[in-house]
Amino acid sequence: MSSDIQLNLFDDTNSNPRDLIPTDAKIPITSGTYANMTELAQDCNQCHRCGLGDNRTHAVVGRGHLQAPIMLIGEAPGQNEDETGLPFVGRSGQLLEKILASVNLSTEKDVYIANINKCRPPDNRTPTPDEMAACVPYLLEQIRLVDPKIILLTGATAVKGITGDKRGITKIRGQWLEWEGRLCMAIFHPSYLLRNSSKEVGKPKWLMWQDIQAVRAKLDEITMN
C-alpha cells in the first residue's frame, strides 16, 4: 500500500457522515447519499437543517409510485399534510387525483408526489430562500431515486426552487422546460384552481385541462420511442 493511500485512510476532511446531515444545512447532501426513500425519510423526520423542523408534527416526504414516470413537486405541506405526513391531501389532493384520472394517470402507477420543503411553514406561508436551500438537497435525492421522465412543478415556488426561474406561474405554465436533462412543465397548483372554479375557455381550470393532456401525450410519446 502506497504512503498516499495510507494517509488517505486517516484523512476525514471530506467525510460526510449521514448522521450529521439532519443537524445542519451546511452539511452537503451529495448525490448517492441515500440508497432508498426509506433512508431519506428517516433523516427528514429527524431533520433540523432549518427552523421548520422545530414545530412539525410529521415530515411530509412523498407518496406515490417510487419508480413513477412522472414526478409532481409542490411547495410545502399545509395543516392536513403536516398531520398525516402525506403531500397533497384534503381538497387540493382530491382535485389533483381527479385531474390525473382525467387522463388515466394515478399515484399508484404513474406519479410520485413530493414538495420543495418537507415541513410546514407557520400559517402556511411561503418557505424562505434559506428554508428551501436547506431542504432542496433531499428533493434532489428523491428525483435521483425516482428517476422520472417528466417533472411537473406546481406553482411558482416549486418552479423557482428547482429551476431558479422567478417568472410568475401564469407566464410559464404549459411550456416544456429542460432542467438537468429532464423535461419539466409548470402547472397551476390545485389550491389555485379551487379558488378559480370557472371552466370557461382561457380560465385556469380550462388551461389545466390543456396542460394535463399535453403531459399525457408527451408521456405516451416518450414511452413509445
Side-chain angles (χ1 to χ4, degrees), residues 52 55-64 68 70-107 110-129 131-132 135-136 139 148 150-177 179 184-218:
L52 295 182
N55 298 304
R56 67 168 173 259
T57 305
H58 297 287
V60 180
V61 179
R63 68 178 175 93
I70 297 173
M71 187 165 176
L72 185 143
I73 299 172
E75 177 182 295
Q79 181 177 349
N80 289 331
E81 289 77 14
D82 177 67
E83 292 173 353
T84 61
L86 297 171
F88 284 86
V89 294
R91 293 181 65 213
S92 288
Q94 292 168 11
L95 178 56
L96 175 62
E97 297 289 351
K98 288 180 180 178
I99 291 168
L100 295 173
S102 71
V103 290
N104 197 30
L105 296 172
S106 76
T107 51
D110 307 297
V111 182
Y112 182 81
I113 302 175
N115 283 314
I116 293 290
N117 277 82
K118 310 307 181 198
C119 299
R120 181 193 181 192
D123 301 318
N124 292 349
R125 63 163 171 75
T126 301
T128 67
E131 289 164 351
M132 288 194 289
C135 208
V136 160
L139 179 61
I150 294 172
I151 296 177
L152 301 181
L153 304 168
T154 58
T157 301
V159 174
K160 182 180 178 182
I162 288 294
T163 70
D165 196 319
K166 298 179 182 180
R167 289 179 292 172
I169 193 69
T170 57
K171 300 288 186 184
I172 57 173
R173 55 128 292 273
Q175 302 176 30
W176 288 111
L177 312 168
W179 168 81
C184 302
M185 181 187 284
I187 60 174
F188 290 124
H189 196 286
S191 62
Y192 180 77
L193 300 179
L194 289 172
R195 298 192 299 269
N196 296 271
S197 58
S198 173
K199 297 180 181 178
E200 292 180 18
V201 174
K203 297 294 185 179
K205 276 195 171 181
W206 183 87
L207 294 171
M208 174 62 100
W209 173 234
Q210 312 311 309
D211 295 346
I212 200 65
Q213 288 183 96
V215 170
R216 175 79 250 188
K218 180 62 73 174

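Of the inter-residue distances, the one linking Thr107 atom OG1 with Ile70 atom CD1 reads 11.5 Å to the nearest 0.5 angstrom. Distance check: Glu75 CD to Thr126 OG1 gives 4.5 Å after rounding to the nearest 0.5 Å. Of the inter-residue distances, the one linking His189 atom NE2 with Leu194 atom CG reads 9.5 Å to the nearest 0.5 angstrom. If you take CD on Gln210 and CE on Met208, they are separated by 11.5 Å, rounding to the nearest 0.5 Å. Between the CD1 atom of Ile73 and the SG atom of Cys184 there is a distance of 7.5 Å, given to the nearest 0.5 Å. Atom CG of Leu152 is separated from atom CG of Leu96 by 9.0 Å, given to the nearest 0.5 angstrom.
Counting only heavy atoms from C-beta outward, the side chains of Asn80 and Phe88 never approach each other to under 4.5 Å. Ile150 places none of its side-chain heavy atoms less than 4.5 Å from the side chain of Met185. At a threshold of 4.5 Å between non-hydrogen side-chain atoms, the residues Arg120 and Asn124 count as touching. Leu139 has its side chain within reach of Lys118: a pair of non-hydrogen atoms, C-beta onward, lies under 4.5 Å apart. Using a 4.5 Å cut-off on side-chain heavy atoms (C-beta onward), Leu52 and Pro121 make contact. Within the 4.5 Å cutoff, the side chain of Tyr112 has no heavy atoms near those of the Pro148 side chain. The shortest distance between side-chain heavy atoms of Leu153 and Ile162 falls below 4.5 Å. Side chains of Leu193 and Ile99 form a contact here, defined as non-hydrogen atoms less than 4.5 Å apart.
Contact record, Val111 with Leu72: CG1-CB, 4.2 Å, taken as the closest heavy-atom pair. Residue Gly174 comes nearest to Asp211 through the heavy atom pair CA-OD1, 3.4 Å, listed as atom of the first residue, atom of the second, then distance. Nearest heavy-atom pair, Pro204 versus Asn196, reported as atom, atom and distance to 0.1 Å: CG-CB, 4.0 Å. For Thr157 against Ile116, the heavy-atom pair with the smallest separation is O-CG1, 4.3 Å. Arg216 and Leu105 get closest at one heavy-atom pair: NH1-CD2, 3.3 Å. When all heavy atoms of Lys205 and Lys199 are compared, the closest pair comes out as CD-CG, 4.2 Å.
Listed for the Glu97 side chain is no donor-acceptor partner under 3.5 Å among the backbone atoms of Gln94. Without hydrogens or angle criteria, Asn117 side chain to Pro127 main chain gives no donor-acceptor distance under 3.5 Å. With hydrogens and angles disregarded, no donor-acceptor distance shorter than 3.5 Å links the side chain of Arg56 to the backbone of Asp82.
Taking the charged nitrogens against the carboxylate oxygens, Asp165 and Arg167 do have a contact shorter than 4.0 Å, which makes a salt bridge.
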Inset, instruction - Kindly determine whether Val103 and Val215 satisfy side chain to side chain contact (heavy atoms under 4.5 Å, CB included), including the steps that lead there. - result: CA-CA 9 Å; Val103 290; Val215 170; over 6 Å; no
